Amino acid sequence: MSRFLAMGGYAGSVWPSMALTFGIIAWNIIAARRSLRSALAEARRRARIGDDP
Amino acid sequence: MLRGLSFAVDGGEYLEVTGPNGAGKTSLLRTLIGLVHAESGRITWNGRPILEDARAYHSQLAWLGHESPLKADLTAAENLAFGIGIRRRIDAVAVATALDEVGAQGFSDRPVRTLSAGQRRRVALAGVLLAGVPLWVLDEPATHLDADGQALVGRLVERQIVAGGIVVAAVHAPLPVVEAGTRRLGLSSK
Amino acid sequence: MLRGLSFAVDGGEYLEVTGPNGAGKTSLLRTLIGLVHAESGRITWNGRPILEDARAYHSQLAWLGHESPLKADLTAAENLAFGIGIRRRIDAVAVATALDEVGAQGFSDRPVRTLSAGQRRRVALAGVLLAGVPLWVLDEPATHLDADGQALVGRLVERQIVAGGIVVAAVHAPLPVVEAGTRRLGLSSK
Amino acid sequence: MDWTWFHRFGSPPHLYRLAGTLVPWFAWPAAILIAAGLYGGLVLAPPDYQQGDGFRIIYVHAPSAWLSLMAYTMMAVTAAIGLIWRMKAAHAVAASCAPVGAWFTVAALGTGMLWGKPMWGTYWAWDPRLTAELVLLFLYLGYIGLRSAIEDPQRADRASAVLAIVGVINVPIVRYSVEWWNSIHQAPSVMKFGKPSISWPMLTPLLIMFVGFTLLFAALVLVRVRAEILRRERQARWVTEMVTQ
Amino acid sequence: MSGAWQAARLVIERDLRLAFRNRAQLLHPLLFFAIVTTLFPLALSPEPSRLRDVAPGVLWVAALLASLLAIEFLFRDDAQDGTLEQYALSGQSLTWLLFAKTLSHWLLTGLPLALMSPVAAYGLGVAVEAVPGIIASITLGTIALSLLGAVTAGLTLGIRRGGAMLSLLTLPLAVPLLIFGAQATARAIAGEPVAGPMYLLAAFVVLGLTLAPLAAAAAVRISLE
Amino acid sequence: MSGAWQAARLVIERDLRLAFRNRAQLLHPLLFFAIVTTLFPLALSPEPSRLRDVAPGVLWVAALLASLLAIEFLFRDDAQDGTLEQYALSGQSLTWLLFAKTLSHWLLTGLPLALMSPVAAYGLGVAVEAVPGIIASITLGTIALSLLGAVTAGLTLGIRRGGAMLSLLTLPLAVPLLIFGAQATARAIAGEPVAGPMYLLAAFVVLGLTLAPLAAAAAVRISLE
Ligand code: HEM
Ligand SMILES: Nc1ncnc2c1ncn2[C@@H]1O[C@H](COP(=O)(O)OP(=O)(O)OP(=O)(O)O)[C@@H](O)[C@H]1O
Ligand SMILES: Nc1ncnc2c1ncn2[C@@H]1O[C@H](COP(=O)(O)OP(=O)(O)OP(=O)(O)O)[C@@H](O)[C@H]1O
Ligand SMILES: [Mg+2]
Ligand SMILES: [Mg+2]
């Protein structure tokens, strides 16, 4: 296991790369869902108060 | 924003658009000339939608907005020669005549930068005259004008409709135009 | 440009400056507030030349020019809070009251960019109200305003002079202000 | 030719519902493929005989770089469709591609830099391909910036569409820069993979990752498209009905 | 109705007359170019050999930044005072009028830059033989930049502080011009043949001539709305 | 009557709020700086050793140009919409209000530039040890530039196309800053002591703090007339 984690001496590059990429993927998933949720909330708010701003 | 509006204007008519601040007069005029696209609804000229052949439509209309489209560094006469020249051939005599008509003879060769607010408005009006087109669309044409200038605008509009043209203008105070041929469109603020 | 002019205005008076386009109304007002230096002649406030202590003089006056001094990206309320805040302490309630008074309650929290020409003018007028100073100098305060807005300007001016203030305004159409306390200064062009 | 399918596809409520149903069909396979590719790439694939285990960055670097280009191309194509046929739904797709594409450009740049340190001894070099990728990031930022600077959504759509189309010229430059400028080339250790000599245990996880990332991209864009459509259509009856039910 | 040529002539004449009435504007890009090319020797050590090495880069970055600054003014004044609106409503082809405007813009900014580049090059220690190559490459490059700038300037018209967006949009697209232009200049200075990068610059110009005015007109129409 | 501190706070708060409402403006100098420092390696040959040689020059010219561009906006919007007129008529000291404006301008442009300079320096191959020296020199330099810019921006306000005159007036005055700043940066990169040029930069800042607001207020008053 520790040999795997060491990545043949390249741990300092490989793991940050993985972290960066999957961090970005996670963030994209969160951001996309958040944007859909906020759009729905906005639409709901507008539907409640009537469609004229 | 504007809703439930429908009207037609014929040659020889002056349509006066009135309404409180923010009623949508400016927006209506800009939609009429095709600068803004209406979200729904149709605007036709001679029976055809204006966006079908926008260039042909535009070559028939003159627009004067809240601001006067003048270059501060050119003289009044130069402004007109260039500005109207791209529409149709005009010579110095035509320019001078138009400037005389709006009472701008006294300052026609001064850079527009040095003109007062009302003087600029007069020069812009001369441009509308010079365009020589049937349809005028004017947004508060008489702002910054003195009493004499207000009367002038009324006279110009009258002459245009007598000659069979159409004038659409947004105003706060009615222009002094004879009632015959004048129609009013009152917008209400929502 | 301006010549042979001499006048004095007292507390409780409204001075209405009229004159044809280019007569020099704007130039006169800018000289009055000390933005332009008169080539000859003296302007005094409470008996002292205004340039002697310009800051003290300026802290007593509010100026509204042809253009409304508003930031397009701030809301109406923010514009006033910052713009007037540097003159005197004001709170949100005072701002809201002033905006109500000029009929701007409906759009006080929208960026000024999205307001119509007349709506902006109303916000600018609210700024004059809020300044809470004795001397108002206004250049065509009612431009772009509808009939209701014209009446509003008249009322505001009246209130100011009844409270012992002074108003100097350049106009083309007389403001609806009671005659008592109103003085007219007609400039002639050249 | 019957064009009704085209207009039906372009009708916002239809696209909204279609996107909703499609999301899970893309998202779950993406998750599985990415997990499998990762396992294959990090565990099963043998170390490269020259780069050792360092080469494993390729399994996130190359798919990210590929997505950064694909997203831009897709954005430009949908923007052009929206501009030409005045189709709101196409603009919504274009607008949704931009943030996702920009983030994967960041991923490609970041992983590339992290890889560059052990391989070239520096995080950054002014190589044409690297530069062009950086330019791509600026183009994305410009697109996003232009959109956010224009309030009116209709105008923002059309203005940014013009920009996306003009900027598409950068895509082939990124793609083929390595071949066009042999003058300042990447270190040869990189290009070895281009040769067919790359072994299957190394290649298979990479291919799986490519498919997984592409599906992930599709799922992300579809979710964002739904949000974009709702924002544009908030006044429409179908939206009010849907949210009040 | 005025003919298209007449209209274009008037557009160009108006711009030229305005520029000559307001000399400072005319001098701005030139000055900027001169100042940037002078700042460098000041900031770097002024050894001739090192200067000559960086000369292509300095010349091209300076030319690029100078044109970029000028691009901000390509439509700005006309948009503010309503002239652009009048162009759009003139009944003439907006594409054509904007093409004329772009041409006059190049005459007022790009051309003087190209003509002045030999002086700046001389200041950086470049030999006289390289001058034709430098002028030619900067001429082509500034034409392409003006065309590109017409599109991005049109796009950023409606925006509050367009300047920031304008640089952000234009510079990345201008990178290929910079690379090939600097390459051509470097070759000219080294006495090598310049045809390769020059053809590429010419290709950009042709592409720009055919597409940019159309895109610019679309952009301006959108921002007038 | 509001106190002077209150007034300054409001001026700064207004500027910051406007800037954050309009992010593009906030990013402009940074982007410009980033782009210029990116263009250079592209136009020059990208060999690290040669890049490192020109790094101080590139960094400083880029920082100077970026601040210069931003200076154009220091008063322009406020002059156009009449805010400056209202400042002059507010009964507060115009000198003081303009000083507050200059401060907020530096916070929005100079400070981000200084903070970002290490990234650009890295791109040019500069070692990490040089970073404190680079940040310090660019901080001082941008403060001095903002102060200087307030004066020249005030002077060029009334002019139609102020931009040209603004560069022309500011750049020559900024040359000493550029020379000492680049010297400090070069020393920092070479690992030599930087105190000498840094003291000179600091002296310029002190001089600017005492004189520039006064001169700026006088300049603005003249251009309002
Ligand atoms: C910041 C630095 C880097 C950037 C911006 C970058 C960018 C790119 C781009 C745009 C692609 C093309 C993807 C495609 O065409 O589908 C790519 C692919 C690739 N990169 Fe990088 N890269 C960087 C650093 C590196 C490093 C350091 C290595 C290895 C030593 C590397 C190895 C590869 C490989 C093997 C591929 C896939 C196959 C190929 O197209 O050659 N990259 N990279
Ligand atoms: N910068 C200048 N240089 C030369 N003359 C000027 C300048 N500014 C204004 N003038 C002239 O001074 C005269 C007075 O201008 P002013 O703007 O004061 O007029 P006004 O009475 O306010 O007119 P309006 O009713 O049109 O606003 C005008 O004839 C104008 O042309
Ligand atoms: N860009 C915009 N975004 C949002 N609302 C806007 C925008 N522009 C205008 N409006 C609003 O649309 C309404 C109509 O504006 P318009 O300028 O057409 O009014 P108007 O009738 O011309 O008024 P005025 O008499 O004051 O000139 C106003 O309430 C205005 O606030
Ligand atoms: Mg209006
Ligand atoms: Mg006046």
Side-chain angles (χ1 to χ4, degrees), chain A, chain D residues 20 23 27 30 34 38 42-43 47-48 51-61 63-64 96 99-100 103-104 106-119 213 216-217 219-237 239-244:
Chain A
M1 190 62 194
S2 66
R3 259 192 61 213
F4 175 67
L5 286 182
M7 272 292 149
Y10 290 106
S13 302
V14 175
W15 296 120
S17 299
M18 298 294 155
L20 177 70
T21 311
F22 288 97
I24 285 177
I25 288 177
W27 168 250
N28 266 283
I29 294 171
I30 294 169
R33 297 178 53 167
R34 191 189 283 172
S35 112
L36 178 56
R37 229 174 304 128
S38 79
L40 272 169
E42 169 77 9
R44 234 172 252 131
R45 202 173 58 77
R46 274 175 183 273
R48 253 207 324 279
I49 59 172
D51 61 75
D52 254 296
Chain D
V23 169
I34 290 174
L38 207 56
L42 289 180
V43 181
D48 183 65
Q51 298 196 8
D53 285 317
F55 94 100
R56 295 184 198 278
I57 294 176
I58 196 176
Y59 296 110
V60 286
H61 171 72
S64 304
S96 313
V100 184
W103 275 115
F104 280 99
V106 172
L109 281 167
T111 54
M113 286 172 73
L114 286 165
W115 201 357
K117 188 67 181 172
M119 294 304 142
F213 268 60
L216 172 70
F217 171 75
L220 288 174
V221 167
L222 285 174
V223 174
R224 281 183 176 274
V225 164
R226 301 185 81 200
E228 286 287 335
I229 290 179
L230 280 185
R231 291 218 177 83
R232 264 151 245 255
E233 297 275 298
R234 56 189 166 203
Q235 251 115 354
R237 179 112 54 81
V239 173
T240 15
E241 276 168 6
M242 183 185 73
V243 296
T244 44

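Order of the sequence lines sets the chain letters (A, B, ...), proteins ahead of strands, with each chain counted from 1. Every value quoted in this text rests on a predicted model; they were computed, and no experiment measured them.
The contact between D:I34 and chain A is made entirely by side chain atoms (from C-beta outward), counting heavy-atom distances below 4.5 Å. Only the side chain of A:L20 comes within less than 4.5 Å of a heavy atom of chain D; its backbone N, CA, C and O stay farther away. If you measure heavy-atom distances from D:F213 to chain A, the contacts under 4.5 Å come from the side chain alone. With a threshold of 4.5 angstrom between heavy atoms, A:A31 approaches chain D through its backbone and through its side chain. Proximity to chain A is limited to the side chain of D:L216, based on heavy atoms less than 4.5 angstrom apart. For chain A, no part of D:M113 is nearby; none of its heavy atoms comes within less than 4.5 Å. Contact of D:V239 with chain A is made through the side chain alone, with heavy-atom distances under 4.5 Å.
Considering only heavy atoms from C-beta on, D:L230 comes within 4.5 Å of A:L36 through its side chain. Taking 4.5 Å as the limit, some side-chain heavy atom of A:I25 sits within range of a side-chain heavy atom of D:F104. By the 4.5 Å heavy-atom criterion applied to side chains, A:L40 and D:R226 are not counted as neighbours.
Interatomic distance, CH2 of A:W15 versus CG of D:L114, reported as 13.5 Å (0.5 Å rounding). To the nearest 0.5 Å, atom CZ of residue A:R34 and atom CZ of residue D:R224 are 10.5 Å apart. Going from atom CZ of A:R44 over to atom OG1 of D:T240 covers 12.5 Å, rounded to the nearest 0.5 Å.
The two residues A:A39 and D:A227 come nearest to each other via the heavy atoms CB-O, 3.7 Å. Contact detail for A:N28 and D:V100: the closest heavy-atom pair is OD1-CA, 3.8 Å. Minimum heavy-atom separation, D:R231 to A:S38: NH2-OG, 3.2 Å.
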Check: After noting the C-alpha distance and the side-chain angles of A:S13 and D:R56, does the key distance pass the side chain to side chain donor-acceptor pair (under 3.5 Å) rule?
Finding: CA-CA 10 Å; A:S13 302; D:R56 295 184 198 278; over 6 Å; no
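Ranked by non-hydrogen atom pairs under 4.5 Å with chain A, the options D:V225, D:I229, D:L42 are led by D:L42.
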